[in-house]
K.L.:
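Quick one: the structure is below, and I'll ask about it shortly.
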Amino acid sequence: MGLSEIRARMDKACTAAGRAPQDVELIAVSKVQPAERVAAVLDQGHRVFGENRVQEAAGRWPAFQDRYTDIVLHLIGPLQSNKARQAMEMFHAIHSVDRPKIAQGIARLAQEMGRCPDLFLQVNTGEEPQKAGVLPQEIDGFVAECRALDLPVKGLMCIPPVEEEPSLHFALLAKMAARNGLSGLSMGMSGDFESAIAQGATHVRVGSAIFGERDYG
């Protein structure tokens, strides 16, 4: 499909929703993609990328950052406590703050480092036992806790259950964000980003539709 077609589809979805295209950030999810595919997207002028694992990002991005100084990196995968410092040094935003322990660790590091990436709190909208994120009924308290820690909470993130209609989960996330005075909505992936834009997404995370299918071999 490629970057240009995804951008065209995003623009069309924004127009249909009465929104400005510049209000929705495209995060190109580069996890597990070979370096040459990432380089091709960089050469097309795209600069905002998402990674799932801190270690993989640390091995990939320094060389690219030597060549392209304006790269913006988002951590969209789970964050382990022992990787928090490295993540905060490397990423401009973390989308997977999913429990008080992680929030408290980030707050301590932010005090020490004097800065903090933008943060999105992950909500388990489908209440799936195998999935990370706070439960919907706990999000108001978690937002308040993070604000009390002086953390820069920009919005909420979700990954809907694969077998359910994603727009219902996007609408739920938007309602929770609005209730808490949060403008950021990290939601929507390759198969459903247009629906996410219709429900107010500010950040969509698109991987395989830009780069091609991942090879986990």
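We're numbering straight along the sequence, starting at 1. Keep in mind the model is a prediction, meaning the values are calculated, not measured. Worth knowing before you read on, the calculation uses all heavy atoms, side chains too, and leaves out hydrogens, waters and symmetry mates.
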K.L.:
Test your reading of the model: is there a side-chain donor-acceptor pair from Q33 to the backbone of G212, 3.5 Å cut-off?
P.N.:
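Yes; at least one donor-acceptor contact below 3.5 Å.
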K.L.:
Looking only at atom types and distance, does a side-chain atom of Q80 sit under 3.5 Å from a main-chain N or O of N82, one as donor and one as acceptor?
P.N.:
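No: the side chain of Q80 does not pair with the backbone of N82.
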K.L.:
Can you tell me how far apart CD1 (I102) and CG (L79) are? Round to the nearest 0.5 Å.
P.N.:
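Result: 4.5 Å between the selected atoms.
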K.L.:
Answer yes or no: is there a donor N or O on one side and an acceptor on the other, between the side chain of S96 and the main chain of G77, under 3.5 Å?
P.N.:
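Side chain of S96 to backbone of G77: a pair is present.
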K.L.:
Which pairs of donor and acceptor atoms, one on a side chain in residues 195-204, lie under 3.5 Å apart (sequence neighbours left out)?
P.N.:
{"residue": "T202", "atom": "OG1", "partner": "L185", "partner atom": "N", "Å": "2.8"}
{"residue": "T202", "atom": "OG1", "partner": "L185", "partner atom": "O", "Å": "3.3"}

K.L.:
Could I get the full list of ring pair (Phe, Tyr, Trp, His ring centres under 6.0 Å) partners for F64, not counting sequence neighbours?
P.N.:
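Only W61 meet the ring pair (Phe, Tyr, Trp, His ring centres under 6.0 Å) criterion with F64.
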K.L.:
Where the side chain of R205 meets the backbone of V29, is there a donor-acceptor pair that is under 3.5 Å apart?
P.N.:
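No, R205 side chain to V29 backbone: no donor-acceptor pair under 3.5 Å.
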K.L.:
Not counting sequence neighbours, list each pair that qualifies as a ring pair (Phe, Tyr, Trp, His ring centres under 6.0 Å) and has a residue in residues 133-185.
P.N.:
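Every candidate ring pair (Phe, Tyr, Trp, His ring centres under 6.0 Å) pair involving residues 133-185 fails, so no pair, neighbours aside, qualifies.
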K.L.:
Could you give all pairs that pass the side chain to side chain donor-acceptor pair (under 3.5 Å) test and reach residues 107-120, with sequence neighbours left out?
P.N.:
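Checked against side chain to side chain donor-acceptor pair (under 3.5 Å) - neighbours excluded - the pairs reaching residues 107-120 are R85-E112.
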K.L.:
To the nearest 0.5 Å, what is the distance between CG (L121) and SG (C158)?
P.N.:
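Answer for the CG-SG pair, L121 versus C158, is 12.5 Å.
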K.L.:
Say whether, by atom type as modelled, one donor and one acceptor occur between the side chain of E56 and the main chain of V32 under 3.5 angstrom.
P.N.:
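Looks like yes, one N/O pair under 3.5 Å.
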K.L.:
Does anything in residues 143-152 form a side chain to side chain donor-acceptor pair (under 3.5 Å)? List the pairs, not counting sequence neighbours.
P.N.:
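Counting only pairs at least two positions apart or across chains, the side chain to side chain donor-acceptor pair (under 3.5 Å) contacts touching residues 143-152 are Q104-E145.
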K.L.:
Mind checking salt bridge (Lys or Arg N to Asp or Glu O under 4.0 Å) for R99 and listing every partner two or more places apart, or none if nothing turns up?
P.N.:
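Testing R99 for salt bridge (Lys or Arg N to Asp or Glu O under 4.0 Å), a comparison that skips the adjacent residues, returns none.
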K.L.:
Using the salt bridge (Lys or Arg N to Asp or Glu O under 4.0 Å) criterion, which residues pair with E25? Sequence neighbours excluded.
P.N.:
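Expected list: none.
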K.L.:
Taking distance alone, no hydrogens or angles, what donor-acceptor pairs closer than 3.5 Å link side-chain atoms of residues 65-74 to residues at least two apart or in another chain?
P.N.:
{"residue": "Y68", "atom": "OH", "partner": "D43", "partner atom": "OD1", "Å": "2.5"}
{"residue": "D70", "atom": "OD1", "partner": "R47", "partner atom": "NE", "Å": "2.9"}
{"residue": "H74", "atom": "ND1", "partner": "H95", "partner atom": "NE2", "Å": "2.7"}

K.L.:
L109 and A84: which non-hydrogen atoms are nearest, and at how many Å?
P.N.:
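Heavy atoms only, the tightest pair is CD1-CB, 3.7 Å.
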K.L.:
Group every Ile, Leu, Val, Met, Phe, Trp and Tyr by side-chain heavy-atom contacts under 4.5 Å, then state whether M187 and L168 land in the same group.
P.N.:
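Looking at the clustering, L168 is in a separate group from M187.
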K.L.:
Is there a side-chain contact between E89 and M113 in this structure, where contact means two heavy atoms from C-beta onward sitting under 4.5 Å apart?
P.N.:
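Yes, their side chains come closer than 4.5 Å.
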K.L.:
What closest approach, in Å, do N124 and A132 show between heavy atoms, and which atom pair accounts for it?
P.N.:
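Closest heavy-atom pair between N124 and A132: CB-O, 3.6 Å.
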K.L.:
Does any N or O in the side chain of R60 come within less than 3.5 Å of the main-chain N or O of S30, such that one atom is a donor and the other an acceptor?
P.N.:
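Looks like yes, one N/O pair under 3.5 Å.
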K.L.:
List the residues meeting side-chain contact (heavy atoms from CB on, under 4.5 Å) with A16, not counting sequence neighbours, and say none if there are none.
P.N.:
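Counting only residues at least two positions away or on another chain, A16 forms no side-chain contact (heavy atoms from CB on, under 4.5 Å).
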K.L.:
So, for Q86 and A58, which heavy atoms are closest and what is the spacing to 0.1 Å?
P.N.:
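Nearest pair, atom of Q86 first, then A58: NE2-CB, 3.4 Å.
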K.L.:
With heavy-atom distances below 4.5 Å as the criterion, would you say the side chains of L149 and I106 are in contact?
P.N.:
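No; the side chains remain at least 4.5 Å from each other.
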K.L.:
Could you grab the distance from atom CG of L26 to atom CZ of F49, nearest 0.5 Å is fine?
P.N.:
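It comes to 9.0 Å.
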K.L.:
Are the side chains of N52 and I76 in touch, meaning some heavy atoms are under 4.5 Å apart?
P.N.:
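Answer yes - side chains close enough.
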K.L.:
With sequence neighbours left out, write down each residue that passes salt bridge (Lys or Arg N to Asp or Glu O under 4.0 Å) with K131, or none if nothing qualifies.
P.N.:
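In terms of salt bridge (Lys or Arg N to Asp or Glu O under 4.0 Å), with neighbours along the sequence ignored, K131 is linked to E128.
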K.L.:
List in chain and number order the residues that pass salt bridge (Lys or Arg N to Asp or Glu O under 4.0 Å) with D23, two or more places apart in sequence or in another chain; answer none if no residue qualifies.
P.N.:
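Here no residue qualifies.
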K.L.:
For E36, give me all partners under side-chain contact (heavy atoms from CB on, under 4.5 Å), at least two apart in sequence or on another chain.
P.N.:
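Residues passing side-chain contact (heavy atoms from CB on, under 4.5 Å) with E36: P34.
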K.L.:
Is there a side-chain contact between E127 and Q137 (heavy atoms, below 4.5 Å)?
P.N.:
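Touching, per the 4.5 Å side-chain cut-off.
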